[in-house]
Amino acid sequence: MIAFFASVFVVLSLLAIGGALLPASSACPRSRWESFALAFLVGSAAVVTLGSAVLAFGMPFVVVASLLLALSVFGILQTLRRGVALPMSSGAAAQAKTGFAPSLAALIFALGLGSVLASMALPINEFDPILHFAYKGKILAELGTPLDEALTGLVDENGELRRFGRIVTHPNYPLGIPILEALVAVLGRGWHERWIQLPLAFWAMCLPAAVFFGLRPISRRAARAGALVAAATPILYQRNFTENGWADFANAGLGNEFTLGAGADLPVAALLTGACALVLHGRRIHEARLQLLGGLCLAGAVMMKNEGLALFGCFVLAILLSGAALPLGKHKRAALGSLGALGVGISAILPWLMLRGKLPAIDENYAEHFTLERIKHFLGGGAELVERSPKALVGQADELLANPPARMDDLPGYFTGEFLDWRSWGLLWLLLLIALPWRPRELRDADRRWLAMLALGGVVLYFLILLVTPWYLPLLREKGIPERLLLHLLGPICILIGWRLGGSDQEDSETRDAAPRS
Amino acid sequence: MDEARPTAWKRALLGIHSAAAVLPLLCLATFLLRSASVGFTADRSLYPRIENEAENMAPYLLQTWRQPRGKIIAVCGLGDAAPTAESQSIRLLQMLAEQGVVLRVISQHAGIESLLPLATQFPASLDEAARGAQALLIFDENGRYAALDFLSLASKMDGQLVFDLTGQADGMAADAAGLQLLAYGAPLGPPWLDPDLLAYAEHLRKRVPAEDGILLIMAVRPGTISGRARWFLHLNNLIFPRRMYLQDSFGASGTSVQFRQWVLDMGARGGEFPGKGQQRWEPEPRELSRVTQVGPVRTLNPEERAAVATLGVQWVSFFSLNADFRLQDWETMTVEQALEGPQTP
């Protein structure tokens, strides 16, 4: 029972910390649904980045737990003080409404609640969440540091592989999820396979709300459309459902096709969505604080999975190359805020990068593989570089060595197969195609540019990563790649789609102004 | 704020996409109902049973004996549905009979005589079928043979094999009776829910103090590259914070492809097996398993002896790499016992 209360306390703490960091609802109108989601995302990002920094500087995990306690008390006091000092006006309350039709509100509510309940329905029950994340959570909770032999013991002090070493999968995976799990374990005085998941149960519920908040300054219509598209996209919960007909009902929620649970892809997607939403909203209303919190969410995404780092780079490039960070003219404040967001993000991930450098890697050092030479080799239809992995496929080794498959024969098919897979994506990719800023007037909007560059850049990035991956591509396909990676981009894609389907208030007023003249 | 309605084509696209929400709604509802049916615990019964083809299984069953001719198998049930000539059970029994295996079938299905080989025996009771048999073969029949009294059956049998095609036989009970359970209905559910694994982890948690270390030693050349055979990953997690060490743990802990390479390096397909030249032996009594003569213990090579000293471990766990977790494949003893090796009478 104490584990249950500890998990509830951790969730409330994340909400309190996030709520304190966000501007008051009276100053930045939003619904309770959005407030919950943003507070949860910002609070989670703050705790995992701060927690990683504490561990990187050699302090024990109990300091992280103590900080959570202190910050949550601060958060609660701050929220109470703000509620007294800044009560919401009736105008702001009216603005805060989402305006959803009751049926759509019920649909989104059912999906959100269902996702939370389904995340908690079973104790941790998947290979990756158990061994890649929960095991590290146990190390943090029990041993207090990631620099224990339990995590570093694949290699000796010189970095050489040990002849007899410790057993651990992917030791240099980020510590975001283990930190959240370990907090429940430390405060609950024990490891409980169900309740340590509670802080990981809200990502799917928060993502559509974050999309709504991001699009709010564009128009509420756009916000509703974007949030609805996000909530209705099946891969947010499970992929390929009904692909095998009725048999899939017997496997519903089981196996790695289930997105919910204690895995890492959904947190990356939710936190990237939070980052996009906060930066976009902050840029549109010239609220630098929101943008800085967007940078924090971006850093939070890095703390959840290695791919978060690649997306971080993509985000930075999108902001810089789109010109959104050029501090010129009337957009100067928005641009400075964006630069600040990037600064916060970079500062927040530095401690983790420092710590990561001390942890052994099992082939995750993509920098070694992500070379122009390798990309050119595979793009040109070059053969699989069968240095090691396919040799191990017993019974096939000789054939594969003699006639190794070219990655360009398979990889484009993997991606197009996903773009057409309505069971996982609905019409999402078609909608994205329509939503891209094709018209010159749309292209002049820096926000549409950076969002489109992030969405498309993310797809290209994942294509290139899979092109040079050191792992055997057909096996990755079996494990749900690339769709599990493409899921990370759901937020920015839904924002673009909502913007297109709902339109902006500015566009409408321009249309209305033009109508009498024509 | 403007609330004008979007154009018809936009509404149509949004509507079609939103209709996709029916899939997650169905999935979530189904999952929640099924989870409720097992009390919201991760349970193997949530997972469908894998039914292997009779043609694939027969050679494996027959390989367990050097000479299958004349061996007696007591067959417990023929499956839930009334069998036909195409049923897995009937086809498998035909193949076994073709190799001279004697079949004693216990079943309540009517009209099965015409489907089975002529020489098939139909004893009146399971006890009678088991008497003098070398093996039990469980197809089950509507739960009738789901909870066999292995202790009683073992006392009547000549052999110690149990072929389980249901994936549900109680491995702990079979082992306690000194019987070797070979699961052909597995995998039923993911490896971390395997009841024998969980029982062995619980046993280790009780026996090995939390601050101690264990060196894992593979006793025989690995016979499988199945990723499911990585039981050490799950044991390591289940008995944390006890320290577990393994030879070349980098490959063993890696991706499934790296694990396959590790298996090859560890002696499969001509790799240098660390147990080469070492002597197999068996403590008496065994630590937990009651199955004798098939234990995984061997003497340690010089490198392993040195590792015991440098790693500061207190325990050695011997194991055989197998896609199914069986108690008989694992034996944990103190370092002193492992270093001392076989006791000469």
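A, B, ... follow the sequence lines: proteins, then strands. Residue 1 opens every chain.
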Check whether any side-chain N or O of A:Asn256 sits under 3.5 Å from a backbone N or O of A:Lys479 as a donor-acceptor pair, and report yes or no.
yes
Looking at A:Val155, A:Ile124, A:Asp148, A:Thr233, which makes the most heavy-atom pairs under 4.5 Å with chain B?
A:Thr233
Please examine the side chains of A:Cys494 and A:Leu228, heavy atoms only from C-beta on, and report whether any two atoms are closer than 4.5 Å.
no
Does any heavy atom of chain B fall under 4.5 Å from the side chain of A:Trp191, the backbone, both, or neither of them?
neither
Excluding sequence neighbours, so at least two apart, what forms side chain to side chain contact (heavy atoms under 4.5 Å, CB included) with B:Pro195?
B:Arg44
Under 4.5 Å from any heavy atom of chain B, what part of A:Leu501 do you find: side chain, backbone, both or neither?
both
Under the criterion side chain to side chain contact (heavy atoms under 4.5 Å, CB included), I'd like the reasoning laid out for B:Leu25 against A:Leu107: C-alpha separation, chi angles, the key distance, then a yes or no.
CA-CA 9 Å; B:Leu25 281 173; A:Leu107 175 68; 3.6 Å; yes
Do B:Asn322 and B:Arg228 have side-chain N/O donor and acceptor atoms under 3.5 Å apart?
no
Using a cut-off of under 4.5 Å on heavy-atom pairs, state which of A:Asn251, A:Leu122, A:Ile235 scores highest against chain B.
A:Leu122
Main-chain N/O of B:Gln258 paired to B:Thr255 side chain as donor or acceptor, under 3.5 Å:
yes
A:Leu117 versus chain B, heavy atoms under 4.5 Å apart: side chain, backbone, both or neither?
both
Side-chain ion pair, B:Arg207 and B:Glu202, N-O less than 4.0 Å:
no
Would you mind checking which part of A:Phe164 comes under 4.5 Å of any heavy atom in chain B, side chain (CB onward), backbone (N, CA, C, O), both or neither?
both
Side chain, backbone, both or neither: which part of A:Arg194 has a non-hydrogen atom closer than 4.5 Å to chain B?
side chain
So, the part of A:Thr169 with a heavy atom under 4.5 Å from chain B: the answer is both
From CA spacing to verdict: side chain to side chain contact (heavy atoms under 4.5 Å, CB included), B:Leu235, B:Leu216:
CA-CA 11 Å; B:Leu235 265 184; B:Leu216 291 175; 5.6 Å; no
Check: B:Phe259 main-chain N/O paired with B:Arg230 side-chain donor or acceptor under 3.5 Å:
no
Residue part contacting chain B, namely of A:Phe127, when any heavy atom lies under 4.5 Å:
both
Given A:Arg163, A:Lys138, A:Gln238, A:Glu126, the one with more heavy-atom pairs under 4.5 angstrom with chain B than any other is A:Arg163
I'd like to know if the side chain of B:Thr41 reaches the main chain of B:Asp43, judged simply by a donor and an acceptor atom lying under 3.5 Å from each other, with no hydrogens or angles considered.
no
Can you tell which part of B:Phe240 gets under 4.5 Å to a heavy atom of chain A, answering side chain, backbone, both or neither?
side chain
Are A:Phe249 and A:Phe241 an aromatic pair, judged by ring center distance below 6.0 Å?
yes
Given B:Tyr47, B:Phe31, B:Trp9, the one with more heavy-atom pairs under 4.5 angstrom with chain A than any other is B:Phe31
Side chain to side chain contact (heavy atoms under 4.5 Å, CB included) with B:Ala42: which residues, sequence neighbours excluded?
A:Pro123, A:Asn125, B:Leu193
Assert top hit (heavy-atom pairs under 4.5 Å, partner chain B, pool A:Gly426, A:Gly114, A:Ala121) equals A:Ala121
Counting heavy-atom pairs under 4.5 Å with chain B, which one of A:Ala247, A:Ala134, A:Gly253 comes out on top?
A:Gly253
Does any heavy atom of chain B fall under 4.5 Å from the side chain of A:Val229, the backbone, both, or neither of them?
both
For the ring pair B:Tyr200 and B:Trp231, is the centre-to-centre distance below 6.0 Å?
no
Can you tell me which portion of A:Ile139 sits under 4.5 Å from chain B's heavy atoms? Options are side chain, backbone, both or neither.
both
Examine whether an atom of B:Arg34 lies under 4.5 Å from a heavy atom of chain A, and if so say whether it belongs to the side chain, the backbone or both; otherwise answer neither.
side chain
Where along residues 309-320 of chain B does a heavy atom come under 4.5 Å of chain A, listed by residue number?
B:Leu311
Keeping B:His17 on the side-chain end and A:Leu427 on the backbone end, is there a donor-acceptor pair under 3.5 Å?
yes
Ignoring hydrogens and geometry, is there a side-chain-to-backbone donor-acceptor pair from B:Asn301 to B:Glu304 under 3.5 Å?
yes
With distance as the sole criterion, is a donor-acceptor pair present between the side chains of A:Thr242 and A:Arg423 under 3.5 Å?
yes
Select one option (side chain, backbone, both, neither) describing which atoms of B:Trp262 are under 4.5 Å from chain A's heavy atoms.
neither
Contacting moiety of B:Leu46, where chain A heavy atoms sit under 4.5 Å:
both
Given heavy-atom pairs under 4.5 angstrom as the criterion, report whether the side chain, backbone, both or neither of A:Ile434 touches chain B.
side chain
Taking every heavy-atom pair that is under 4.5 Å apart, which of A:Leu154, A:Leu161, A:Leu254 has the most such pairs with chain B?
A:Leu254
List for me each residue that meets salt bridge (Lys or Arg N to Asp or Glu O under 4.0 Å) alongside A:Arg166, sequence neighbours excluded, and say none if there are none.
A:Glu149
Contact class of A:Leu430 relative to chain B, heavy atoms under 4.5 angstrom
side chain
